[in-house]
Undergrad: 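Quick one: structure below, then a few questions.
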There are 2 protein chains.
Amino acid sequence: MGGVNQRKNSGGATAAPVRRQGTAKRAATAGSASERRDHLVKLAAELFARKGFQATTVRQIADEAGILSGSLYHHFDSKETIVDEVLRTFLEDLTARYRAVLETAGDARTALTEMVRIGFGTLEPHRAAITVMQNDWNYLRSLPGDRFGYLVKAEDEVERMWVEQIKRGQAEGLFRADLDPKLTYRMIRDTIWVAVRWFRPGGRLNTTALAEHYITVLFDGLATGDRTSHGA
Amino acid sequence: MGGVNQRKNSGGATAAPVRRQGTAKRAATAGSASERRDHLVKLAAELFARKGFQATTVRQIADEAGILSGSLYHHFDSKETIVDEVLRTFLEDLTARYRAVLETAGDARTALTEMVRIGFGTLEPHRAAITVMQNDWNYLRSLPGDRFGYLVKAEDEVERMWVEQIKRGQAEGLFRADLDPKLTYRMIRDTIWVAVRWFRPGGRLNTTALAEHYITVLFDGLATGDRTSHGA
DNA sequence: AAGGTCCGAGCAATGGCTTGGTCGCCCTAT
DNA sequence: ATAGGGCGACCAAGCCATTGCTCGGACCTT
């Protein structure tokens with residue numbers, strides 16, 4: 001009854017193409033066990049992102065996969081287990097990327113710039129997960145047991161990394177000292193993540209453009225000419 | 001079957017104290033009809049914000065008010081009607097405030113500053129509504145009929161107001177011209193609204209402080225010294 | 001008397017999850 | 001090579017709690 005990622009089948013070993021099937025009758029020699037599982041997770045993630053976790057029924061997920069709802073429980077032991085996997089995968093990737101950058105970071109501004117790029121960079125590959133995380137954060141956290149306690153843990157770790165860089169930048173004299181590091185971090189984070197709501201992969205702007213645009217505003221501001229506000 | 005705000009009782013006229021009661025048996029000489037109704041809406045809004053619209057049951061709302069679930073339907077004809085009222089009230093107040101500021105606006109920078117202040121200013125009085133709007137936006141929009149079509153309409157109107165001011169600022173030479181107005185607006189909006197997730201009324205910072213902090217970063221950026229990026 | 005407010009009970013639909021069984025692939029021992 | 005057992009993937013059917021909502025009548029105030 002811990003907060004651990006449970007799975008039912010312990011995974012085979014073969015490697016065959018996973019054939020997507022609309023509403024076909026049979027699974028047609030599915031690929032490796034975990035491959036099939038991963039596929040289901042992806043389908044579910046899309047639905048969760050589109051309709052919300054609670055509004056998505058296990059029957060809808062099964063439909064999307066061309067199987068019956070009961071069959072889902074061959075792979076997962078609950079609906080929650082599925083979101084769990086969605087979010088966990090995303091958070092692991094994210095924190096790993098941050099850590100990688102911070103190991104080779106130069107000055108604070110460079111580090112922060114890279115971190116912003118990472119943030120926007122995850123927008124595309126993890127669009128569904130980020131959406132779910134935002135919309136259903138409150139609900140998931142409120143679930144009994146700290147089934148999703150790792151959400152808070154991961155968030156805290158990320159916050160530490162950001163705040164550290166901001167403070168370093170202030171100490172180095174690169175960033176204005178009259179700003180609250182934690183507050184500044186939160187605003188940066190929000191700006192990046194919430195973009196997932198309106199960002200559409202094939203649209204006018206790609207994530208790189210978003211990142212550069214924001215980096216510009218973040219460091220130099222909207223105004224022209226000399227800086228006008230108080231502080232250093 | 002339109003998208004209109006339905007109500008069942010057309011509201012009386014008396015004015016008596018609305019007594020909050022835990023799980024009491026009787027409603028004890030309730031105040032005026034519309035007062036009672038408004039009270040219920042507020043209770044519901046809090047629950048919606050905390051647990052999400054769908055996760056909140058009508059029984060929970062009734063519990064909070066000390067009545068049975070069925071009795072709710074003397075005031076509202078559906079659960080949706082309740083959120084409807086929550087969101088509509090908020091949006092009307094918001095757009096009204098924006099319009100008021102824009103009528104007496106000076107240059108674009110002043111206008112934008114005021115708009116930012118308005119945004120953060122609504123955080124406290126409309127915390128629940130803003131939370132619901134963010135978390136359940138996708139779901140509500142997906143409901144049959146354009147029951148919540150006014151959500152999109154209101155958003156569009158607000159967007160027009162912001163983008164207009166940004167463009168004006170660029171034309172006046174106050175804002176750097178190398179920024180995408182629409183994109184810039186979205187980032188500003190996101191930063192303000194999403195603050196509702198971590199903002200807590202009695203905390204270290206009040207909404208005014210938040211606003212000033214953000215205004216500083218927004219116009220002058222994080223960096224010290226001369227502006228380094230391209231463009232003017 | 002009248003009207004507003006709420007109770008008590010319950011209905012129909014929905015949703016998460018179970019259970020028992022089928023089908024075909026793959027590995028292995030003969 | 002091949003029969004056969006093991007096993008993963010799925011179906012069919014349904015259980016059961018929950019949920020939004022209904023409805024007739026009781027109670028209270030005016």
Undergrad: Report the distance from atom CG of Leu40(B) to atom C1' of dT5(C), rounded to the nearest whole Å.
TA: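 Taking atom C1' of dT5(C) as the reference, CG of Leu40(B) is at 11 Å.
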Undergrad: Using the test ring-ring contact (aromatic ring centres under 6.0 Å, His included), find all partners of Trp193(A) that sit at least two apart in sequence or belong to another chain.
TA: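 Testing Trp193(A) for ring-ring contact (aromatic ring centres under 6.0 Å, His included), a comparison that skips the adjacent residues, returns Phe90(A).
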Undergrad: To the nearest Å, how far apart are Asp63(A) CG and dC11(D) C1'?
TA: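 Computing the Asp63(A):CG to dC11(D):C1' distance gives 14 Å.
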Undergrad: Check the phosphate of dC10(D) against His75(A), side-chain N and O only, distance under 4.0 Å to OP1 or OP2. Yes or no?
TA: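 Checking His75(A) against dC10(D): at least one side-chain N or O falls below 4.0 Å of OP1 or OP2.
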Undergrad: Please determine whether a side-chain nitrogen of the Lys or Arg among Arg59(B) and Glu64(B) lies less than 4.0 Å from a carboxylate oxygen of the Asp or Glu.
TA: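 Not counted as a salt bridge, because no side-chain N and carboxylate O are separated by less than 4.0 Å.
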Undergrad: Looking at Phe199(B), is Arg127(B) sitting on its ring face, NZ or CZ under 6.0 Å from the six-membered ring centre and within 45 degrees of the normal?
TA: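 Because its charged atom misses either the 6.0 Å distance or the 45° angle limit, Arg127(B) does not stack over Phe199(B).
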Undergrad: Roughly how many Å is it from CD in Glu35(B) to P in dT5(C), rounded to a whole number?
TA: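 Answer to the nearest Å: 12 Å.
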Undergrad: Roughly, in whole Å, what's the span from CG in Leu72(B) to P in dT22(D)?
TA: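 From Leu72(B) CG to dT22(D) P: 12 Å.
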Undergrad: Is there any protein nitrogen or oxygen under 3.5 Å from a nitrogen or oxygen in nucleotides 18-21 of chain D, and what are the pairs?
TA:
| residue | atom | partner | partner atom | Å |
| --- | --- | --- | --- | --- |
| dG20(D) | OP1 | Thr56(B) | O | 3.3 |
| dG20(D) | OP1 | Lys79(B) | NZ | 2.7 |
| dG20(D) | OP2 | Val58(B) | N | 2.8 |
| dG20(D) | N7 | Arg59(B) | NH2 | 3.0 |
| dG20(D) | O6 | Arg59(B) | NH2 | 3.0 |
| dC21(D) | OP2 | Tyr73(B) | OH | 2.5 |
| dC21(D) | OP2 | Lys79(B) | N | 2.9 |
| dC21(D) | O5' | Tyr73(B) | OH | 3.3 |
| dC21(D) | N4 | Ser69(B) | OG | 3.3 |

Undergrad: Is the phosphate of dC7(C) approached by Ser71(B) (side-chain N or O, under 4.0 Å from OP1 or OP2)?
TA: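 Yes.
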Undergrad: What pair of heavy atoms forms the shortest contact from Ile118(A) to Arg97(A), and how long is it?
TA: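 Smallest heavy-atom distance, with atoms named: CD1-O, 3.5 Å.
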Undergrad: Please report the distance, rounded to the nearest Å, between NE2 in His74(B) and P in dG8(C).
TA: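 It is 13 Å, rounded to the nearest whole Å.
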Undergrad: Should we say atom CZ of Arg141(B) is surrounded by more than 12 heavy atoms from elsewhere, each under 6.0 Å from it?
TA: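 No, CZ of Arg141(B) has 12 or fewer neighbouring heavy atoms, counting only those of other groups under 6.0 Å.
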Undergrad: Is the shortest distance from a Lys or Arg side-chain nitrogen in Asp190(A) or Arg197(B) to a carboxylate oxygen in the other one below 4.0 Å?
TA: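 Arg197(B) and Asp190(A): not salt-bridged.
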Undergrad: Can you tell me which residue pairs pass the ring pair (Phe, Tyr, Trp, His ring centres under 6.0 Å) test with a partner in residues 51-70 of chain A, sequence neighbours excluded?
TA: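 The answer is Phe48(A)-Phe53(A).
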Undergrad: Does Arg36(B) place a side-chain N or O at less than 4.0 Å from the phosphate oxygens OP1/OP2 of dC6(C)?
TA: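 Affirmative; the distance criterion is met.
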Undergrad: Using whole Å, what does the distance between atom C1' of nucleotide dG15(C) and atom CG of Leu47(A) come to?
TA: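 In whole Å, dG15(C) C1' lies 15 Å from Leu47(A) CG.
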Undergrad: Would you mind reading off the distance between Leu143(A) atom CG and dG16(C) atom P, rounded to a whole angstrom?
TA: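 Distance check: Leu143(A) CG to dG16(C) P gives 13 Å.
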Undergrad: Taking atom P of dG10(C) as reference, at what distance in whole Å does atom CG of Leu68(B) sit?
TA: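 So the CG-P distance, Leu68(B) to dG10(C), works out to 14 Å.
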